[in-house]
Number of protein chains: 2
Amino acid sequence: MPTQTAAQRRAEARTAYNAYVAECPARALLDRISDKWVSLLLIALAESPQRYSDLSRTVAGVSPKMLTQTLRAMERDGLVARTVTPEVPVRVDYALTALGETLLPVMRAIKTWAETHMPDVAEARTRFDETRP
Amino acid sequence: MPTQTAAQRRAEARTAYNAYVAECPARALLDRISDKWVSLLLIALAESPQRYSDLSRTVAGVSPKMLTQTLRAMERDGLVARTVTPEVPVRVDYALTALGETLLPVMRAIKTWAETHMPDVAEARTRFDETRP
DNA sequence: CAGTATCCACGCTGATACTG
DNA sequence: CAGTATCAGCGTGGATACTG
């Protein structure tokens with residue numbers, strides 16, 4: 001009987017991995033920008049600052065819950081600025097912060113790779129799927 | 001009574017969004033590389049080609065199921081090459097393809113941004129959390 | 001207008017056990 | 001060694017309804 005089972009060792013390793021992820025900036029960033037709505041909001045706001053209702057139209061298909069939730073998270077991260085104007089009814093504007101803007105080149109790098117190489121990926125997939133039925 | 005309810009309009013928009021995502025190369029790429037294990041395997045294999053069991057050690061905490069599943073997906077996408085050597089017992093080697101290698105600079109760009117700006121994000125979070133209890 | 005609150009369903013991960 | 005098969009649990013997203 002081993003001192004540790006394989007599962008125990010994996011569990012321990014996974015804990016270590018989680019700690020690692022929590023600290024690893026690159027993974028943390030990936031978790032952010034890969035979020036379904038974050039990237040779309042980033043792009044939408046890169047065009048121009050917008051109000052809440054504008055965004056819900058620009059980023060089609062988003063539910064109010066997710067829109068709020070995502071904007072809140074991005075605000076917390078310092079990526080977007082939320083400005084409330086106390087009119088009646090209230091007006092809330094969202095805009096990218098300077099920090100948020102620095103993310104755009106990264107997004108562009110991703111976009112460039114994708115446009116350059118995703119056809120290759122698509123082709124690879126087709127070949128893969130063809131060779132094994 | 002409106003021709004379409006808000007929900008119907010959102011549902012329709014979401015369908016459109018899904019179609020958009022399916023075509024948008026950048027989003028497709030993000031979905032790939034943001035995968036929990038894909039990025040780690042990418043980095044592990046960037047160091048050197050490895051066998052299945054090597055990977056399960058290098059990438060600590062991964063279950064056999066996820067390891068196989070992730071490697072299979074990456075192979076299908078043409079990012080890694082799987083080489084079977086019919087010894088006894090079988091030997092299977094995994095390595096990055098040329099296509100897979102082209103992804104590394106993108107990963108590095110992400111890493112660089114993260115190292116440069118994640119401290120700002122962390123600070124923003126702290127401020128945000130402090131101001132609202 | 002700009003959200004909040006609640007609930008449900010589903011997908012995906014991980015544990016576990018077994019095999020050529 | 002290099003996987004496959006099966007199942008349970010949980011987080012996450014979406015629908016929906018309500019509010020200052």
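The model shown is predicted, which means the values in this text are computed figures rather than measured ones. Chain naming here is simple, since letters A, B, ... match the order of the sequence lines and numbering starts at 1 in each.
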Check whether any side-chain heavy atom of A:V80 lies under 4.5 Å from a side-chain heavy atom of A:L41, and answer yes or no.
no
Could you walk me through whether A:L40 and A:V62 pass side chain to side chain contact (heavy atoms under 4.5 Å, CB included), step by step?
CA-CA 10 Å; A:L40 291 171; A:V62 66; over 6 Å; no
DNA chain C nearest-nucleotide lookup for A:V90 and A:T68: closer to the 5′ end is A:V90
Compare side-chain N and O positions of A:W37 against OP1 and OP2 of D:dG14 and report whether any pair is under 4.0 Å apart.
yes
With heavy-atom distances below 4.5 Å as the criterion, would you say the side chains of B:T58 and B:L45 are in contact?
no
What is the distance, rounded to the nearest whole Å, between atom CZ of A:R72 and atom P of D:dT12?
19 Å
Whole-Å gap separating C1' (C:dA2) and CD (A:E75)
13 Å
Tell me the interatomic distance from B:M66, atom CE, to C:dG11, atom P, rounded to whole angstroms.
16 Å
Out of D:dA2, D:dG14, C:dC1, which has the shortest distance to the side chain of B:R82?
D:dA2
Whole-Å gap separating P (C:dT6) and NZ (A:K65)
12 Å
Does a side-chain N or O from A:Y94 land closer than 4.0 Å to OP1 or OP2 of C:dG3, or not?
yes
Quick check on DNA chain C: between B:D35 and A:R51, whose nearest nucleotide comes earlier from the 5' end?
A:R51
Establish, with yes or no, whether the OP1 or OP2 oxygen of C:dG14 is under 4.0 angstrom from a side-chain nitrogen or oxygen of B:Q69.
no
Joint cluster assignment, A:L99 & A:M107, ILVMFWY side-chain distance < 4.5 Å:
yes
Could you state the CG-P distance from A:L71 to C:dC1, rounded to the nearest angstrom?
16 Å
Starting from C1' on C:dG3, measure out to CD on A:E87 and report it in whole angstrom.
17 Å
Hphob cluster co-occupancy, B:F128 + A:L29, side-chain heavy atoms under 4.5 angstrom
no
Looking only at side-chain N and O atoms, does B:S63 come under 4.0 Å of OP1 or OP2 in C:dA15?
no
Rounded to whole Å, CD of B:Q50 lies from C1' of D:dC1 at a distance of 15 Å
Send over the distance from A:K36 NZ to D:dT12 C1', rounded to a whole Å.
10 Å
Assigned partner base of D:dG20, Watson-Crick or wobble definition, under 3.5 Å
C:dC1
